[in-house]
Amino acid sequence: MLEGAKWRFGRGEYDLACFEAEQATQLYVKYLLLRLCGVAPRAHRLSELLERLYSALREGFKGVAEELANFTSTHRRSVWFLEESYYRGRYGYVEYTEGDGRECIDTAEKLISLLRRVEGVVSGGRG
(Lines give C-alpha, C1' and ligand atoms only; values in the text may rest on other atoms or scores of the structure.)
Protein backbone atom coordinates (compact mmCIF):
# COMPACT_ATOMS: atom_id res chain seq x y z
CA MET A 1 0.00 0.00 0.00
CA LEU A 2 2.93 2.35 0.61
CA GLU A 3 4.00 1.72 -2.98
CA GLY A 4 0.56 2.94 -4.03
CA ALA A 5 1.07 6.11 -2.01
CA LYS A 6 4.40 6.68 -3.75
CA TRP A 7 2.79 6.09 -7.14
CA ARG A 8 0.04 8.61 -6.36
CA PHE A 9 2.66 11.08 -5.15
CA GLY A 10 4.48 10.73 -8.47
CA ARG A 11 1.23 11.56 -10.28
CA GLY A 12 0.72 14.69 -8.17
CA GLU A 13 -2.20 13.17 -6.25
CA TYR A 14 -0.91 14.36 -2.89
CA ASP A 15 -4.18 13.98 -0.99
CA LEU A 16 -4.47 10.32 -1.95
CA ALA A 17 -0.76 9.78 -1.36
CA CYS A 18 -1.17 11.01 2.22
CA PHE A 19 -4.28 8.90 2.77
CA GLU A 20 -2.64 5.74 1.44
CA ALA A 21 0.56 6.35 3.42
CA GLU A 22 -1.51 6.53 6.60
CA GLN A 23 -3.47 3.42 5.64
CA ALA A 24 -0.28 1.45 5.04
CA THR A 25 1.00 2.42 8.47
CA GLN A 26 -2.30 1.88 10.26
CA LEU A 27 -2.75 -1.57 8.76
CA TYR A 28 0.80 -2.61 9.65
CA VAL A 29 0.26 -1.61 13.29
CA LYS A 30 -3.02 -3.55 13.35
CA TYR A 31 -1.26 -6.59 11.87
CA LEU A 32 1.35 -6.47 14.63
CA LEU A 33 -1.33 -6.09 17.30
CA LEU A 34 -3.10 -9.11 15.84
CA ARG A 35 0.12 -11.12 16.04
CA LEU A 36 0.88 -10.02 19.59
CA CYS A 37 -2.59 -9.97 21.12
CA GLY A 38 -4.69 -12.18 18.87
CA VAL A 39 -7.06 -9.29 18.14
CA ALA A 40 -6.88 -6.36 15.77
CA PRO A 41 -8.57 -3.35 17.37
CA ARG A 42 -11.39 -1.56 15.62
CA ALA A 43 -9.71 1.78 16.31
CA HIS A 44 -8.43 3.98 13.50
CA ARG A 45 -6.40 6.71 15.23
CA LEU A 46 -2.76 5.97 14.51
CA SER A 47 -1.65 7.47 17.82
CA GLU A 48 -4.04 5.20 19.73
CA LEU A 49 -2.90 2.14 17.79
CA LEU A 50 0.76 2.96 18.42
CA GLU A 51 0.00 3.39 22.13
CA ARG A 52 -1.68 -0.03 22.18
CA LEU A 53 1.29 -1.55 20.39
CA TYR A 54 3.66 0.02 22.90
CA SER A 55 1.61 -1.47 25.76
CA ALA A 56 1.61 -4.90 24.13
CA LEU A 57 5.38 -4.78 23.63
CA ARG A 58 6.27 -3.38 27.04
CA GLU A 59 6.24 -6.69 28.91
CA GLY A 60 8.28 -9.04 26.76
CA PHE A 61 9.90 -6.73 24.22
CA LYS A 62 11.04 -3.72 26.23
CA GLY A 63 13.81 -2.68 23.83
CA VAL A 64 11.59 -2.21 20.80
CA ALA A 65 8.83 -0.80 23.01
CA GLU A 66 11.19 1.98 24.05
CA GLU A 67 12.30 2.48 20.46
CA LEU A 68 8.66 2.91 19.46
CA ALA A 69 8.03 5.35 22.31
CA ASN A 70 11.09 7.37 21.34
CA PHE A 71 9.99 7.48 17.70
CA THR A 72 6.48 8.67 18.49
CA SER A 73 7.85 11.28 20.89
CA THR A 74 10.49 12.55 18.46
CA HIS A 75 8.14 12.54 15.45
CA ARG A 76 4.96 13.56 17.29
CA ARG A 77 3.96 16.28 14.82
CA SER A 78 4.61 14.15 11.73
CA VAL A 79 2.69 11.19 13.19
CA TRP A 80 -0.18 13.52 14.01
CA PHE A 81 -0.13 14.93 10.47
CA LEU A 82 -0.15 11.43 9.01
CA GLU A 83 -3.05 10.48 11.29
CA GLU A 84 -5.01 13.57 10.30
CA SER A 85 -4.60 12.75 6.61
CA TYR A 86 -6.77 9.68 7.18
CA TYR A 87 -9.63 11.63 8.73
CA ARG A 88 -9.39 14.70 6.52
CA GLY A 89 -9.12 12.58 3.38
CA ARG A 90 -11.96 10.30 4.36
CA TYR A 91 -14.44 12.71 5.87
CA GLY A 92 -13.80 16.03 4.20
CA TYR A 93 -12.42 17.83 1.24
CA VAL A 94 -8.70 18.40 1.47
CA GLU A 95 -5.93 19.51 -0.84
CA TYR A 96 -2.44 18.55 0.21
CA THR A 97 0.70 20.05 -1.29
CA GLU A 98 3.74 18.25 -2.61
CA GLY A 99 5.50 18.99 0.70
CA ASP A 100 2.59 17.50 2.63
CA GLY A 101 2.70 14.37 0.50
CA ARG A 102 6.42 14.04 0.99
CA GLU A 103 6.05 14.43 4.77
CA CYS A 104 3.36 11.75 4.95
CA ILE A 105 5.34 9.29 2.86
CA ASP A 106 8.59 9.98 4.72
CA THR A 107 6.89 9.50 8.08
CA ALA A 108 5.20 6.31 6.91
CA GLU A 109 8.49 4.94 5.55
CA LYS A 110 10.32 5.63 8.81
CA LEU A 111 7.55 4.19 10.93
CA ILE A 112 7.12 1.09 8.77
CA SER A 113 10.87 0.53 8.92
CA LEU A 114 10.63 0.57 12.72
CA LEU A 115 7.57 -1.70 12.63
CA ARG A 116 9.52 -4.20 10.52
CA ARG A 117 12.21 -4.26 13.21
CA VAL A 118 9.49 -4.77 15.82
CA GLU A 119 8.10 -7.65 13.77
CA GLY A 120 11.56 -9.21 13.52
CA VAL A 121 12.10 -9.01 17.26
CA VAL A 122 8.63 -10.40 17.97
CA SER A 123 9.16 -13.23 15.47
CA GLY A 124 12.58 -14.00 16.98
CA GLY A 125 11.19 -13.86 20.51
CA ARG A 126 13.84 -11.54 21.85
CA GLY A 127 13.23 -8.09 23.21
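Scope of the values below: all heavy atoms of this structure, side chains included, with no hydrogens, waters or symmetry mates.
- What you find for L50 and V79 is that their closest heavy atoms are CD1-CG1, 4.0 Å.
- V94 is not connected to Y86 by any chain of hydrophobic side-chain contacts under 4.5 Å among Ile, Leu, Val, Met, Phe, Trp and Tyr, and they are in different clusters.
- Between L2 and T25, every side-chain heavy-atom pair lies at or beyond the 4.5 Å cut-off.
- Panel note: side chain Q26, backbone H44; a donor-acceptor pair is recorded below 3.5 Å.
- Checked by atom type and distance alone, the side chain of T74 never pairs as donor or acceptor with a backbone atom of F71 at under 3.5 Å.
- Applying the ring pair (Phe, Tyr, Trp, His ring centres under 6.0 Å) rule to Y54 yields no partners; only residues at least two apart in sequence or on another chain are considered.
- Under a hydrophobic clustering in which Ile, Leu, Val, Met, Phe, Trp and Tyr are joined whenever their side-chain heavy atoms come within less than 4.5 Å, directly or via other members, V64 and L114 fall into the same cluster.
- Ionic pairing of E119 and R35 is present here: one or more N-O contacts between side-chain nitrogen and carboxylate oxygen are shorter than 4.0 angstrom.
- Closest of all the heavy-atom pairs between E48 and A43 is OE2-CB, 3.5 Å.
- If you chain together hydrophobic residues whose side chains sit under 4.5 Å apart, F9 and L111 never meet in one group.
- Between the side chain of T72 and the backbone N or O of L68, at least one donor-acceptor pair lies under 3.5 Å.
- A continuous path of hydrophobic side-chain contacts links I112 to L53 [ILVMFWY only; heavy atoms under 4.5 Å].
- The same ILVMFWY cluster, assembled from side-chain heavy atoms under 4.5 Å apart, contains both Y31 and L57.
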S85/L82 under side chain to side chain contact (heavy atoms under 4.5 Å, CB included): CA gap, chis, key distance, verdict: CA-CA 5 Å; S85 71; L82 186 62; 4.2 Å; yes
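- For the atom pair E51 CD and S55 OG, the distance stands at 6.0 Å (nearest 0.5 Å).
- Between the side chain of E13 and the backbone N or O of R8, no donor-acceptor pair lies under 3.5 Å.
- One distance of note links CD of E95 with SG of C18; it measures 12.0 Å at 0.5 Å rounding.
- Taking the six-membered ring where the residue is Trp, the centroids of F19 and Y14 are separated by 6.0 Å or more.
- Closest approach of L36 and A56 over heavy atoms only: CD1-CB, 4.1 Å.
- We find that K6 and E3 are joined by a salt bridge, their nearest charged nitrogen and carboxylate oxygen being less than 4.0 Å apart.
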Side chain to side chain contact (heavy atoms under 4.5 Å, CB included) evaluation trace for Y28 with R116: CA-CA 9 Å; Y28 205 144; R116 285 186 178 128; 3.2 Å; yes
Check residues 100-107 and write down every donor-acceptor pair under 3.5 Å in which the side-chain atom is one partner and the other belongs to a residue at least two apart or another chain.
{"residue": "D100", "atom": "OD2", "partner": "T97", "partner atom": "N", "Å": "3.0"}
{"residue": "D100", "atom": "OD2", "partner": "T97", "partner atom": "OG1", "Å": "3.2"}
{"residue": "R102", "atom": "NH2", "partner": "E98", "partner atom": "OE2", "Å": "3.0"}
{"residue": "E103", "atom": "OE1", "partner": "R77", "partner atom": "NH1", "Å": "3.3"}
{"residue": "E103", "atom": "OE2", "partner": "R77", "partner atom": "NH1", "Å": "2.5"}
{"residue": "E103", "atom": "OE2", "partner": "S78", "partner atom": "OG", "Å": "3.2"}
{"residue": "T107", "atom": "OG1", "partner": "E103", "partner atom": "O", "Å": "2.8"}

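- For E67, the CD atom is densely surrounded, since the number of other residues' heavy atoms within 6.0 Å is greater than 12.
- Pairing each heavy atom of F61 with each of V122, the nearest pair is CE2-CA, 3.8 Å.
- A 4.5 Å side-chain heavy-atom check between F81 and Y96 finds at least one atom pair inside the cut-off.
- At least one side-chain heavy atom of P41 sits less than 4.5 Å from a side-chain heavy atom of L33.
- The residues R88 and E22 are annotated as not salt-bridged, no charged nitrogen and carboxylate oxygen being separated by less than 4.0 angstrom.
- Using a cut-off of 4.0 Å between Lys/Arg side-chain N and Asp/Glu carboxylate O, K62 and E66 are scored as not salt-bridged.
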